[in-house]
Protein chains: 2
Amino acid sequence: MTIKYAILGFLSWQPATGYDLKKLFEDSGTFHWSGNNNQIYKALVELHNNALVTLEVQQQEDRPPRKIYTITEKGRAALKRWVLSEPELPQIRNTFLVQLAWADQLTSAELDELAARYEEEVHTQLRMFRLQKQRNKVSPQRTPREEFLWSMIADNWISLYENELNWIRRLRHELTAYPES
Amino acid sequence: MTIKYAILGFLSWQPATGYDLKKLFEDSGTFHWSGNNNQIYKALVELHNNALVTLEVQQQEDRPPRKIYTITEKGRAALKRWVLSEPELPQIRNTFLVQLAWADQLTSAELDELAARYEEEVHTQLRMFRLQKQRNKVSPQRTPREEFLWSMIADNWISLYENELNWIRRLRHELTAYPES
DNA sequence: CAAATCATGTAATGTGTTACATGATTCG
DNA sequence: CGAATCATGTAACACATTACATGATTTG
């Protein structure tokens with residue numbers, strides 16, 4: 001259900017097509033999940049059915065018509081209500097931890113190599129988030145407070161991955177003290 | 001598909017029924033996701049079809065028969081192969097960040113209250129993880145290295161939530177410098 | 001000349017959650 | 001006496017991912 005409100009959020013800045021929204025999702029990084037067609041186009045139909053957005057169709061030659069969606073007052077109200085609703089804990093699924101849980105069957109070398117590959121992945125991802133924060137493509141920066149909020153959102157991801165990187169490095173370091181089983 | 005390997009992992013310790021596995025998932029905390037019937041019972045059928053587990057049925061009076069699953073050599077090999085497979089980045093979906101992204105429409109009081117509620121949730125969760133680590137119910141502790149790995153898995157969750165708690169506290173603190181829009 | 005951009009969508013499949021269903025026994 | 005435990009499973013729904021489909025235009 002979050003995707004509907006993320007869409008309403010983007011539309012609260014300015015009207016957009018499904019295609020525009022797709023790119024906003026992609027560029028955001030933060031809202032990576034659900035940058036895909038299926039969910040966006042379906043969500044837009046639903047939002048329209050509930051009168052949270054209106055829709056203007058622009059015919060084009062040689063191309064599919066552009067469907068420009070605009071948020072309604074009802075849509076703005078729904079967005080605000082949702083923003084004020086009870087916050088939930090992040091949902092985290094780390095399959096690497098499941099691998100680790102049964103990694104005692106590995107040799108020290110195998111285990112360290114597995115951990116090293118994870119460290120590398122995390123590190124790469126961290127670099128990407130840091131770059132993304134510099135470029136700062138999506139954020140609107142209309143007010144100082146809004147700019148601050150978007151900066152903190154980027155920091156959330158960065159510090160999460162920094163934390164993960166520290167953790168895996170500590171794991172690798174301390175593993176040297178344990179012989180294989 | 002992770003659930004299949006998590007089940008194989010538990011079965012690599014000892015044979016178990018679907019019901020046993022369900023409780024192992026619940027108690028683990030770490031593998032919270034997919035402690036539900038549907039996935040466990042379905043996965044067990046699949047594992048059996050692929051000969052990764054064998055199945056012994058114990059008839060009981062007045063109760064459904066117990067189906068005791070035992071991992072096969074093929075199952076152990078599949079588990080090891082998976083444990084050595086390319087580690088993936090954690091999947092994280094934090095809806096609170098989406099709320100924050102469009103929270104500039106709120107008053108300072110509303111925004112701080114929203115953040116305070118998130119802080120409280122995170123804090124509660126952190127306390128639960130810390131308790132769980134002390135109780136240490138699921139881990140087998142058969143070798144020092146295995147014990148260490150399970151301890152690091154618990155630490156991963158704890159440090160992630162500590163990081164989140166620090167982040168939200170910093171956010172609340174620094175927000176005091178920004179007037180509402 | 002191949003790939004990306006624009007612009008819509010559908011279909012199939014995978015994964016996860018909640019609720020429903022049964023029914024005796026034991027515990028607080 | 002109500003709730004939890006034991007033990008299996010099904011059904012409905014929600015949410016996500018990947019691939020397919022079309023087809024002109026622009027860019028490298």
Side-chain angles (χ1 to χ4, degrees), chain A residues 1-7 10 15-28 30-50 53 55-69 82 88-95 98 137, chain B residues 1-7 10 15-28 30-50 53 55-69 82 88-95 98 137:
Chain A
M1 287 289 76
T2 316
I3 193 185
K4 284 207 282 186
Y5 295 102
I7 288 174
F10 284 128
T17 66
Y19 188 80
D20 295 333
L21 289 164
K22 196 187 168 185
K23 287 200 299 176
L24 284 167
F25 275 108
E26 276 165 14
D27 292 354
S28 78
T30 324
F31 314 130
H32 59 294
W33 43 279
S34 316
N36 69 85
N37 282 2
N38 207 330
Q39 284 183 284
I40 289 174
Y41 287 107
K42 269 189 181 164
L44 283 170
V45 169
E46 253 191 274
L47 289 171
H48 189 238
N49 288 341
N50 296 328
V53 299
L55 149 68
E56 187 201 347
V57 181
Q58 276 187 356
Q59 288 299 336
Q60 300 184 116
E61 290 175 16
D62 304 335
R63 293 212 178 164
R66 302 182 78 225
K67 297 189 175 176
I68 300 164
Y69 293 91
W82 180 77
E88 285 169 31
L89 291 173
Q91 281 178 25
I92 296 144
R93 192 156 302 136
N94 194 342
T95 60
V98 184
K137 277 160 90 169
Chain B
M1 287 294 74
T2 317
I3 194 184
K4 284 206 281 186
Y5 296 102
I7 288 174
F10 283 129
T17 67
Y19 188 79
D20 295 334
L21 289 164
K22 196 186 166 185
K23 287 200 298 175
L24 284 167
F25 275 108
E26 277 165 13
D27 292 354
S28 77
T30 323
F31 313 128
H32 59 295
W33 43 279
S34 316
N36 69 84
N37 282 3
N38 207 331
Q39 285 183 285
I40 289 174
Y41 286 107
K42 269 189 183 167
L44 283 170
V45 168
E46 254 190 274
L47 289 171
H48 189 238
N49 288 342
N50 297 328
V53 299
L55 148 68
E56 185 201 347
V57 182
Q58 276 186 356
Q59 288 300 335
Q60 301 183 114
E61 289 174 18
D62 303 337
R63 295 212 176 163
R66 302 181 77 225
K67 297 188 174 177
I68 301 165
Y69 291 91
W82 181 78
E88 284 169 34
L89 291 172
Q91 280 178 27
I92 296 145
R93 193 156 298 136
N94 194 342
T95 60
V98 184
K137 276 161 90 169

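Given the structure is predicted, the values throughout are model-derived calculations rather than measurements. For the numbers below, each heavy atom of this structure counts, side chains included, while hydrogens, waters and symmetry mates do not.
- Partners of A:Tyr69 by ring pair (Phe, Tyr, Trp, His ring centres under 6.0 Å), not counting sequence neighbours: none found.
- Straight-line distance from the CD1 atom of B:Ile40 to the P atom of D:dG9: 12 Å, rounded to whole Å.
- For the residue pair B:Phe25 and B:Phe31, the shortest heavy atom distance occurs at CD2-O, 3.5 Å.
- Spacing between atom CZ of B:Phe31 and atom P of C:dT15 amounts to 18 Å, rounded to whole angstrom units.
- Close to C:dG9, at under 4.0 Å from its OP1 or OP2, lies no side-chain N or O of A:Tyr41.
- Evaluation of the salt bridge (charged side-chain N to carboxylate O under 4.0 Å, His left out) test over residues 38-50 of chain B, restricted to residues two or more places apart or in two chains, returns B:Lys4-B:Glu46.
- Considering only residues two or more places apart in sequence or on other chains, B:Gln59 meets the side-chain contact (heavy atoms from CB on, under 4.5 Å) condition with B:Val57, B:Pro65.
- Not counting sequence neighbours, B:His48 has no partner by the ring pair (Phe, Tyr, Trp, His ring centres under 6.0 Å) test.
- We find that CG of B:Asp20 is positioned 16 Å from C1' of D:dG9, with the value rounded to whole Å.
- Per the geometry, CD belonging to A:Gln60 stands 16 Å off P belonging to D:dG23, to the nearest Å.
- For A:Asn36, the side-chain hydrogen bond (donor to acceptor under 3.5 Å, both in side chains) test picks out A:Gln39, with sequence neighbours left out.
- Nucleotide C:dG9 holds its C1' atom 14 Å from the CG atom of A:Leu55, rounded to whole Å.
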Please tabulate the protein-to-nucleotide N/O contacts below 3.5 Å involving nucleotides 26-28 of chain C, giving atom names and distances.
none

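- With hydrogens and angles left out, the side chain of A:Asn37 and the base of C:dT10 share no donor-acceptor pair within 3.5 Å.
- Contacts of B:Glu88 classified as side-chain contact (heavy atoms from CB on, under 4.5 Å), with partners at least two apart in sequence or in another chain: A:Thr95.
- Spacing between atom CG of B:Leu21 and atom C1' of D:dC6 amounts to 14 Å, rounded to whole angstrom units.
- For B:Asn37, the side-chain hydrogen bond (donor to acceptor under 3.5 Å, both in side chains) partners two or more places apart in sequence, or in a different chain, are B:Lys22.
- Rounded to whole angstrom, the span from the OH atom of B:Tyr5 across to the C1' atom of C:dT15 amounts to 15 Å.
- Contact check, A:Thr17 against C:dC6: no side-chain N or O comes under 4.0 Å of OP1 or OP2.
- Checked by atom type and distance alone, the side chain of B:Thr30 pairs as donor or acceptor with a backbone atom of B:Ser28 at under 3.5 Å.
- With axes fitted over five pairs at each extremity, the angle between the ends of the helix from C:dC1-D:dG28 to C:dG28-D:dC1 is 60° (10° resolution).
- Counting non-hydrogen atoms under 4.0 angstrom, B:Lys22 reaches nothing in the nucleic acid.
- The distance from atom NZ of A:Lys23 to atom P of C:dT8 is 11 Å, rounded to the nearest whole Å.
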Working note: B:Tyr41 + B:Tyr19, criterion side-chain contact (heavy atoms from CB on, under 4.5 Å); need CA distance, chi angles, decisive distance, verdict.
CA-CA 9 Å; B:Tyr41 286 107; B:Tyr19 188 79; 4.2 Å; yes
Sequence-aligned protein contact record of nucleotides 12-17 of chain D, with B where the base is within under 4.0 Å of a protein heavy atom and S where only the sugar-phosphate is
B--SSB
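- Considering only side-chain N and O atoms, A:Tyr19 lies under 4.0 angstrom from the phosphate OP1 or OP2 of C:dC6.
- By the side-chain contact (heavy atoms from CB on, under 4.5 Å) test, A:Pro15 is found to be paired with A:Ile68, A:Thr70, residues two or more places apart in sequence or in another chain being considered.
- When all heavy atoms are compared, the tightest approach of A:Gly18 to A:Ile40 is O-CG2, 3.9 Å.
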